[in-house]
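Scroll down for the structure; my scribbles are underneath it.
Whatever order the structure lists ligands and atoms in, that order sets their numbers, starting from 1.
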Amino acid sequence: MNEKPAPPRIGVLAIQGDYAAHAEALIESGAVPIEVRKAEDLAGLDGLILPGGESTTMLKFLERSDFFGALQGFSAHRPVFGTCAGAILLAREVRNPHQRSLGALDAVVERNAYGRQIDSSILTAETALAGGPLEMVFIRAPRIVQTGAGIEILASRDGLPTLVRQANIMAATFHPELTRDRRVHQAFVDLVSASLLRSDSSHTG
Ligand code: GLN
């Protein structure tokens, strides 16, 4: 009865970008990372990370075969965390320029929003996560310019959200895998564990 639950199995989309750093961060946060390269790899996963990279390149890859549709289905039922390009993929609407997105996060995201001079920067800011200010690494980062009512803002930059949670979905416009602080990945692993507990209790009545 009091058995420790098995660690959650969390996929990391491994098409391009820094998926290896996410896998490492997941291990350090008590999860088992699984590299995902095709729709079939999603089977049996408890959650998924969409890493940073170039969202247009990722999108092209996803649109071959029906990987895009499979991800849409997955994100409707299981926790998904998108960072940077991954956050762009999750959005309801993408601007600058417009491109197709999964629509799992009720937010409007503007790509490459900080312009050339400050396209990459490191910033420390307050966060709703316990444990004090959070260091955020931005690389050609997008900006979340509109959020729906169900979105909880966990950190911001210049008055706009940089880390958000909406039910089973999390998104960051920065790269939490590139710092030593594991609080962001831990928050996602906790979300996945909580969703597993809920689905367990619904199976057993
Ligand atoms: N600029 C990239 C895009 O628009 C995102 C950059 C990143 O993921 N670090 O897709």
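- Although no hydrogens or angles enter the test, the distance criterion places no donor-acceptor pair under 3.5 Å between the side chain of Ser101 and the main chain of Leu90.
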Please tabulate, for the side chains in residues 70-78, all donor-acceptor contacts under 3.5 angstrom to protein atoms that are two or more places apart in sequence or on a different chain.
from  : atom 1 : to     : atom 2 : distance (Å)
Gln72 : NE2    : Leu102 : O      : 3.2
Ser75 : OG     : Leu71  : O      : 3.1
Ser75 : OG     : Gln72  : O      : 3.1
His77 : ND1    : Gly73  : O      : 3.0
Arg78 : NE     : Leu45  : O      : 3.2

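- Heavy-atom contacts of Gly52 reach the following atoms of ligand 1: 8 (O) (cutoff under 4.0 Å).
- Between His185 and Phe81, the ring-plane angle classifies as perpendicular under the 30° and 60° cut-offs.
- Against a heavy-atom cut-off of under 4.0 Å, Ile88 is close to the following atoms of ligand 1: 3 (C), 4 (O), 10 (O).
- The protein atom (non-hydrogen) at minimum distance from atom 5 (C) of ligand 1 is Gly53 O, 3.4 Å.
- In this structure, the protein non-hydrogen atom closest to atom 7 (C) of ligand 1 is Cys84 SG, 2.8 Å.
- Ligand 1 has an N or O atom lying under 3.5 Å from an N or O atom of His175, backbone or side chain.
- Here Arg111 has side-chain heavy atoms under 4.0 Å from ligand 1, and that is the only part of it that gets that close.
- If you number the atoms of ligand 1 from 1 as listed, the ones under 4.0 Å from a heavy atom of Arg140 come out as 1 (N), 2 (C), 5 (C), 6 (C).
- No side-chain heavy atom of Leu13 sits less than 4.5 Å from a side-chain heavy atom of Ile49.
- Looking at Asp18, Val109, Val94, Asn112 and measuring to atom 1 (N) of ligand 1, the nearest heavy atom belongs to Asn112.
- Residues Phe138 and Leu123 form a side-chain contact, since some pair of their non-hydrogen atoms from C-beta on lies under 4.5 Å apart.
- With respect to Glu54, the side chain to side chain donor-acceptor pair (under 3.5 Å) criterion is satisfied by exactly one of Gln16, Lys60, Arg140: Arg140.
- Every atom of ligand 1 is numbered from 1 in the order shown, and the set under 4.0 Å from a heavy atom of Ile139 is 6 (C), 7 (C), 9 (N).
- For Asp66 (side chain) and Gly69 (main-chain N/O), a donor-acceptor pair under 3.5 Å exists by modelled atom type.
- Contact of the Leu26 side chain with the Val32 side chain is not registered, since no non-hydrogen atoms from C-beta on lie closer than 4.5 Å.
- Close contacts between ligand 1 and Ser55 involve ligand atoms 3 (C), 4 (O), 10 (O) [criterion: under 4.0 Å to a heavy atom].
- Using 4.0 Å as the threshold, Met58 has no heavy atom nearer than that to any atom of ligand 1.
- Looking at Thr83 against ligand 1, nothing comes within 4.0 Å, counting heavy atoms.
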